[in-house]
Amino acid sequence: MDIVRPEFVPDPSLSTAEMEALQRDIAEAAVFADEFAFDPDAVSLDGPAGQQTLGERPASVADDTATEGADQPLVAGVDQAFVGDRAISAIVVLRGREVIERVYAVEPTEIPYVPGLLSFREGGAILAAFSALEHVPDIVFVDGSGRIHYREAGLATHIGVTLDVPAIGVAKNLLCGRPRESLDRKLPEGARVAIEADAEVETATDGPIIGYAVQSRQYDSSSQYINPLVVSPGHRVSAATAADLVVATAAGYKLPEPTRLADAYADSVKGDL
DNA sequence: GCGACAG
DNA sequence: ATCTTGTCGC
């Protein structure tokens, strides 16, 4: 797929001040509200009929393999692996449970990891992988933060705005913001805790909800517990819908399927590299 | 000065 | 993110 906003392509040679200025422009262009054509309720790992089973589905529909999944949104997962100074970015596109396409790209990492500037380290490899992608996903899951970011322009926002594609940030740790409830306790599976902007989020006017901690998986009979995912809007999606879509694509694992499969693919590419 | 800090 | 064996629990 193509780059829609070339002026936002991450340039690792920029100064820190220039990178931060670019992020403020990106946050300005970002849309943290649902702005997509597909039906979010149609995003599921089940068949195209959603909650319907074969038995309750009309035979004419059940037998029609030609249009099967035609209304199923394409969900892509992106993840990176690293080898020395090279980044491997892998993308997996799913329609329901079916893998529609997989691509990857390898690009040198020009700068070290700096909290808040992740997209300038990994963005090049990610955009290179997207340029090789044939399908245009309805929404993309990016590993890292979206709106939960000092300038509300995390990796998911940067990628989403540059490609003008709906994007969600799926992180394993909280970068900034204040959870409404403590996350340092065992939350039940399915629970979500709002994350609101705090003083660290310099571009937030009031205290908006910038994301959710989502407990996509949890042990049921143990004192041990799994940490929640940290989900935030990247572009053209609201915080609530972003959390809904992550839950809808989880299949018994902590990570949603698109992300989990992209992670595994990046690792396998790294293996035979 | 101290603490915090996605991947 | 990455370097890594065994180990606890379902």
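Order of the sequence lines fixes the chain letters, A, B, ..., with proteins taken first and strands second; residue numbering starts at 1 for each chain. Computed over heavy atoms, backbone and side chain alike; hydrogens, waters and symmetry mates excluded. Predicted, not measured: the structure shown is a model, and the values here were computed from it.
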At 4.0 Å (heavy atoms only), tell me whether [X] reaches a base, stays on the sugar-phosphate, or touches nothing.
| X | result |
| --- | --- |
| A/I126 | nothing |
| A/Y113 | base |
| A/A81 | sugar-phosphate |
| A/G116 | base |
| A/Y219 | nothing |

(request) Return yes if some donor-acceptor pair links the side-chain N/O of A/D138 with the main-chain N/O of A/F38 below 3.5 Å, else return no. (result) no

(request) Nearest-nucleotide wise, let me know which of A/Q80 and A/D220 is further upstream toward the 5' end of DNA chain C. (result) A/Q80

(request) Could you check A/V83 against A/S222 and say which one's nearest nucleotide on DNA chain C is further toward the 5' end? (result)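 Between the two, 5'-proximity favours A/V83.
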
Salt-bridge contact [X]-[Y] (side-chain N to carboxylate O under 4.0 Å):
| X | Y | value |
| --- | --- | --- |
| A/R24 | A/E202 | yes |
| A/D164 | A/R236 | yes |
| A/R260 | A/E257 | yes |
| A/D244 | A/R192 | yes |
| A/E196 | A/R180 | yes |

(request) Provide the start and end nucleotides, 5' to 3', of the part of DNA chain C that has atoms under 4.0 Å from heavy atoms of chain A. (result)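 Listing 5' to 3', DNA chain C meets chain A from C/dA1 to C/dC10.
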
Interatomic distance where [atom1] belongs to [X] and [atom2] belongs to [N] [whole Å]:
| X | N | atom1 | atom2 | answer |
| --- | --- | --- | --- | --- |
| A/I148 | B/dC5 | CD1 | P | 13 Å |
| A/E152 | B/dA6 | CD | P | 18 Å |
| A/R151 | B/dC5 | CZ | C1' | 12 Å |
| A/L175 | B/dG7 | CG | P | 9 Å |
| A/I210 | B/dA6 | CD1 | C1' | 12 Å |
| A/H149 | B/dC5 | NE2 | C1' | 11 Å |
| A/F120 | B/dA6 | CZ | P | 17 Å |
| A/I195 | B/dC5 | CD1 | P | 12 Å |

(message) Check the phosphate of B/dC5 against A/N173, side-chain N and O only, distance under 4.0 Å to OP1 or OP2. Yes or no?
(response) no

(message) Test of understanding: clusters of I, L, V, M, F, W, Y form through side-chain heavy atoms closer than 4.5 Å, transitively. Do A/I209 and A/V246 belong to the same one?
(response) yes

